[in-house]
Amino acid sequence: MYCDSNRLDSDFPTNRYRLAGVKQHAGRVHNKPAVAVLVVWLVGACLSTPVAAQTQQPLSAQPQKIAATMISTEKPESLQEAVRFLNQASFGPDSQTLASVRQQGIEGWINQQLAMPLGPSNLNRTVEIALMSEPVTPWFGSMGFVPPRSSPLWVYQNAAWWEQALTAPDQLRQRVAFALSEILVVSSTEGYLNIRAEALAAWQDLLLQHAFGNYRELLSAVSYSPAMGVFLSHHGNRKADPKKQTSPDENYARELMQLFAIGLYQVNPDGSTRLDSKGQPVPVYTQQDVMELARVFTGWDMVGNLYYGGKGLNVGNLMTPMEFTEKFHDTDSKTLLGKTIPAGLKGKDDVEAALDILFARPEVAPFVSRQLIQRLVTSNPSAAYVKRVSAVFDNNGKGIKGDLAAVVKAILLDPEARQPVMNPDTSAANPPLKLREPILAMSHLLRTLNVQPAAPFNSRQNSQIHDVYWIKRLPIGQNPLNSPSVFNFFEPDFQPVAEGFRDTDDVAPEAAILDVQSLSGFNNRIDLLLNSRDKARLPFQNAQFAEQLQRNGFNSDLNVQIDTSPIAQRFEQYLEQDSNGDFATLNNPAFSLQRQEAISALLDDLQSRLLVVPLAPKARQVVLDYLNGPAVYPKNAPMEANRLVRDSIRLLVMSPEYWVQR
Amino acid sequence: MKTPDIKVSRRDLLKLMALGSVSQMSFAAPQKTPWPKDDYKALVCLFLYGGNDSWNLLIPAADEQGAGPGVGFGYQTYQQRRAELAVAAERLSLNLQNGQPQWSSPDYNAYKSGSAAESYFKGLYELDNTGWGINGCAPELALLWQQQQLAWVANTGTLVEPVTRETLASARLPYFLYAHNHQQRVLTTANAERMVRYGWAGRLADVWMSGQGGINAAHPFGLNISMGNNSPIFASHQAQELVLPPGKPPLVVGMQGDNKMHQALGDAYQQMLAVSGSDRFRGYMQSQQQRMMNITSMLNERWPQTRDYSKITGPYDEKLFDLPDNRLVGLGENLPGNLTAQLESVARLIEIGRSDGLSRQIFFVTLGGFDTHAVQADKHPLLLRHLSLALWKFQTAINSMGIEKQVTLFTQSDFGRTLQNNGSGTDHAWGGHQLVMGGAVKRGVYGNMPDLRENSPNMVADQRGRVIPGLAAEQTSAAIASWFGLQDTDMGTVFPGLRRFAKDGNIRSAWLPIMA
């Protein structure tokens, strides 16, 4: 029994160890290198076929085809299906989460995730890291952070964000909050939020808190959020002043309708645009509605702001909902989307009345559902898929509209999301396909490589920073809560100029930020990780290196540790059935066949964690040919092993396949 | 020469998923025209993201009393409508000596001291007797005007057809006025009537795709290069745009450079890409990754061979393509954005393109942050300051190459902003001003001064002061495209709405006589 994914394997290497046993058995023959390849792939497919039956397959038997056709949709989940699911529902499949999904099955795991209570606060963690880094003055108080600062606060918030994304056990909540942050956009490109980033931390907490809540309540929370108030400038908004010739700020009113709630055009429940008798789309709202709604959002500002509408660096609370000041509010009646909000309403009453009118629109469900599907599962959902999810948005089965937990579950369990993994060349009507965002591509890599906090280093105030995932803005085309505008990093209808998209209506939103700049930046951070952040490389690095790392730790934009040693151990198992780290046979020409087989097994092992569908056979062969080339470190086998691991990871992560979520 | 047959579906030309009516329109495939090969020309589109409040960049300066332009058309109405955001009428002087700026002169220093807001409101540089003036934050633009390298297009914007306040209810209007992304799309696709897929520079590239694979097809640059991010202006049926980071692109570390080990890995990577999968999502990544390897390798070799600009200095004694920081500029904050770096790249890419024998190049560069709903008086001056400096730096570099008559830069922006403020900033509106820069430009202010009073025929019927554009954006773009070599017969393909602005069926009458 070589394929027991029924086992509760909490740790991959154990499973791999058993695989190595298979290899050992077959490897004695030395001329059937396909064995390891196949077995590594098929373990995920949960085959109970005896391995002996498979050993007759020639090398050219394309393992990915077998994997695809043999995929089990029954629980527990196959490795391939679990990896694929976690690409949709988490920040990447680390070994624990994978084991958990495979144990509970997809639906069980979703239920368990939905039942998890809200985890630690991003704000608290941001404060902790800030105080750890700048302990000299007690600069955090009831109103947030006050100067002097040695760094703008975003650095600490960003580190806290990545830590949660990479390590929080409530991965589904984290991932949905990230998706929501790309629909309800607040961005540190607004300089004030960049400096006073406690606002961003509180905003992240708001998204986490409501990720499985009700969208209507989320819209309320968003409307009173000081971060949103600053970003879309409705904090400090005032009723018209005829003497000063002013009118209320229209910014939030417009984007709330266009981007957060209803969209521009009337739509059908499947998300398609409704057309009038002349075949023209029908706008949901007019400029008049924008001006009316702008009057609703008057009178709100940060708690404790000394000057209404001002943006001082040490006044105004950015961590609690904004407060209402009546004298700046327009209390006349408003007409919004044909409905009347009566005169005399104050404070939340006016806002809630307006939000009720928006939320009652039939556009909300398809508008939000479609975007959530695009963020989690596929760029081009079928109309039927959107319709099914919209129906759940409109009614969770208990007569409640806007239940995000139900919507998320419907998105992830939909047959379109869960249909068998498609081979690249297989055409299906609506395969779940999308390109991966740089943030998610990075988090997947880090989680797969056992990411750990940075080794302790000193801040500018010479205090020790420890147990922190020190990640600043990366040159990868995308950073959390840092979209260039309220229109997110990319728009949901972006179509690349590329083969296969021409002559279709299909979109690939993420393609908008996958270019020379972001891809080369991504490669360069992989290079940094694999060369200078890997604990497995410590034995090859001298004391100077460690000192340098310590010295540069604070300035680095990617100061975390990874650990590729479990991979190297598996590699050594494939090679010589031990994991004592000597790689005694690696550079020995007498064992070149074993070396080849072990390299194949290593590559396929890594593929099964990093890719959903393996490299095309020809591409795989190119990689193998390269790895099987002359040793770079012929006199240092452990270093050579590390190089092979590094290069395999790099080529896989920079392969086109890694960037496609299926 | 056999003209390749390209398939252009109606859906392609008239994209947005839902706009079903488009199928009733018939669009012919673009006519293929050989591209100009005799000389070199470059076009640079600078997009000011967010909606520039150009009513405070190019300012009605004339005294409307007495013999002036009349009530509504001069400074007094401007000042009344803008209220607390009005720039002072104070005339500033460039204090040129022998036509050259005296950067250190105190007169010329209006923008160099005090707060951003002080600089913003201080005064204006009068544009001779045109009735217009330039904000005191932008002395270099005033200088470029003096040097005959600048023209302005007043009150232009997105239009389907000419419209006034009286015809607003009946005329065809641009789809979703006042929405950022849609107005950006109207401008970049040069189609205000329908949401379409292809940008106008992309269609222009398609027109020139005949023979030998098309214009610049054999060169890694292609025709269209966007700095920083992709733009719908370059969305094309056949010509993929190149998106480059501003500045010299970094090496693909570990796979490029002199190290043999890295080269071997890079070689393996490129071989792997060459045989990677074929479906469209993978195919897209494959092509982007191949481009990453090719273009970074090429530019790392070629970039250091381009001109040394360090001998030329700017207003703060800084090297030409350095962006001076707050200590030098003195406006309280560093100038936002990386427009200067983008334009440095454009200058160098022009140099490389020319030396490789390319005959045409189009660039798209951007400056963001213009959505000044709040604290406009603190933010807008910083943007205008960067804009002015960056444009002068670029023009100076182009002049130093002696190709000032071959390079034209023009601006676009989502929309103009409300004349009336919201207590802190301004909101989305419609018409605004744009500039065209270069040695081939005929200096002038094109377009009429609108009547800025609340109830004037130039104003949308609300109190906010949304000015109805008097000129369509295409009337400028087409003039530049014609100079660039686009034939009259192809104008309809690239600018389908242009004919509605023509007189007596003469397409040439539709565009402004802005290019020499």
Side-chain angles (χ1 to χ4, degrees), chain A residues 233 236 238 241 244-251 258 264-265 272-273 275 278-281 287 291 309 424-425 433 435 484 487 491 493 495-503 505 508 511-512 514-517 519-520 523-524 527 616 618-619 622-623 626 632 647 651 654-657 659-660, chain B residues 7 9 11-12 17-21 24 83-84 176 178-181 197 230 235-237 240 243-245 249-250 252-254 261 265 268-269 271-272 275-289 291-292 295-296 368 373-375 420-424 427-428 462-464:
Chain A
S233 63
R238 300 160 190 245
D241 181 343
K244 286 186 159 179
Q245 279 272 327
T246 66
S247 293
D249 184 327
E250 299 168 2
N251 198 12
Q258 183 185 343
L264 293 173
Y265 299 109
S272 61
T273 304
L275 303 175
K278 291 178 189 158
Q280 290 295 317
Q287 177 56 27
M291 293 196 289
D425 299 315
L433 272 174
L435 294 173
F487 291 90
E491 292 196 52
D493 64 347
Q495 298 176 298
V497 178
E499 210 60 57
F501 291 93
R502 229 167 255 154
D503 306 321
D505 288 338
L514 297 171
D515 51 37
V516 170
Q517 186 170 10
L519 293 172
S520 60
N523 168 79
N524 295 354
D527 190 83
K618 279 183 187 164
V622 168
V623 175
Y626 165 74
V632 173
D647 288 352
L651 289 171
M654 289 306 289
S655 75
E657 189 53 54
W659 293 82
V660 181
Chain B
K7 180 167 167 275
S9 80
R11 276 193 311 189
D12 274 319
M17 308 166 215
L19 301 192
S21 64
Q24 293 153 19
E84 288 183 357
F176 254 97
Y178 318 131
H180 289 289
N181 56 344
R197 179 168 187 166
N230 74 81
S236 145
H237 190 260
Q240 204 181 17
V243 181
L244 285 179
V252 180
V253 179
M261 202 173 105
L265 181 61
Y269 180 52
Q271 287 167 34
M272 178 187 85
V275 295
S276 278
S278 54
D279 63 299
R280 56 191 179 155
F281 282 85
R282 279 211 305 201
Y284 177 77
M285 290 310 299
Q286 179 192 24
S287 70
Q288 292 301 98
Q289 287 159 331
R291 281 191 132 188
M292 168 190 77
I295 203 80
T296 49
H373 289 279
V375 288
Q420 196 197 43
N421 75 71
N422 61 33
S424 174
D427 293 315
H428 304 183
D462 68 44
Q463 76 282 11
R464 301 302 316 275

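Here the structure is a predicted model, which is why all the values come from computation and not from measurement. Residue numbers begin at 1 in each chain, while the letters A, B, ... track the order of the sequences.
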### Task
Against chain B, label Asp527(A) side chain, backbone, both or neither, depending on which of its atoms sit under 4.5 Å from a heavy atom there.
side chain
### Task
Under the salt bridge (Lys or Arg N to Asp or Glu O under 4.0 Å) rule, collect the residues that match up with Glu491(A), sequence neighbours excluded.
none
#### Entry: Heavy-atom pair count under 4.5 Å with chain B, highest-scoring of Lys618(A), Lys244(A), Met654(A)
Met654(A)
### Message
So for Ala498(A), is it side chain, backbone, both, or neither that comes closer than 4.5 Å to the heavy atoms of chain B?
### Response
side chain
### Message
Do Leu519(A) and Met285(B) make a side-chain contact, defined as non-hydrogen atoms from C-beta onward lying under 4.5 Å apart?
### Response
yes
### Taking every non-hydrogen atom, the tightest pair across Val497(A) and Ala235(B)
CG2-CA, 3.8 Å
### When Ser655(A), Ala508(A), Ser233(A), Gly236(A) are compared by non-hydrogen pairs under 4.5 Å with chain B, the top option
Ser655(A)
### Message
For Gln258(A), which atoms come within 4.5 Å of any heavy atom of chain B: side chain, backbone, both, or neither?
### Response
side chain
### Task
Indicate yes or no: does Arg282(B) engage Glu657(A) in a salt bridge with an N to O separation below 4.0 Å.
yes
#### Entry: Residue pair Gln289(B) / Trp659(A), side-chain heavy-atom distance below 4.5 Å
yes
### Query
What pairs with Gln420(B) under side-chain hydrogen bond (donor to acceptor under 3.5 Å, both in side chains), at least two apart in sequence or on another chain?
Ser247(A), Arg464(B)
### Query
Tell me, side chain or backbone of Ala83(B) under 4.5 Å from chain A's heavy atoms, or both, or neither?
side chain
### Message
Which atoms of Pro248(A) are under 4.5 Å from chain B, going by heavy atoms: the side chain, the backbone, both sets, or neither?
### Response
backbone
### Summary
Scored by heavy-atom pairs under 4.5 Å with chain B, the best of Asn523(A), Val632(A), Val623(A), Val660(A) is Asn523(A)
### Task
With a 4.5 Å cut-off on heavy-atom pairs, point out which of Met291(A), Arg238(A), Gln287(A) contacts chain B the most.
Gln287(A)
### Query
Is it the side chain or the backbone of Gln286(B) that comes within 4.5 Å of chain A heavy atoms, both, or neither?
both
## Note on the structure
Note: Asn524(A) and Pro250(B) closest approach over all heavy atoms is ND2-CB, 4.0 Å
### Query
Can you tell if the side chain of Gln245(A) reaches within under 4.5 Å of the side chain of Asn421(B), non-hydrogen atoms only?
no
### Side-chain heavy-atom pair Ser424(B), Asp249(A) within 4.5 angstrom cut-off
no
### Message
If I measure from the heavy atoms of chain B, does Val622(A) come under 4.5 Å with its side chain, its backbone, both, or neither?
### Response
side chain
### Summary
Under 4.5 Å to a heavy atom of chain A? For Thr296(B) that would be side chain
## Note on the structure
Cut-off 4.5 Å, heavy atoms of chain A, and the answer for Asp427(B) is side chain
## Note on the structure
When the 4.5 angstrom heavy-atom criterion is applied to Ile295(B) and chain A, the contacting part is side chain
### Message
Heavy-atom pairs under 4.5 Å with chain B: which of Ser520(A), Gly309(A), Pro484(A) has the most?
### Response
Ser520(A)
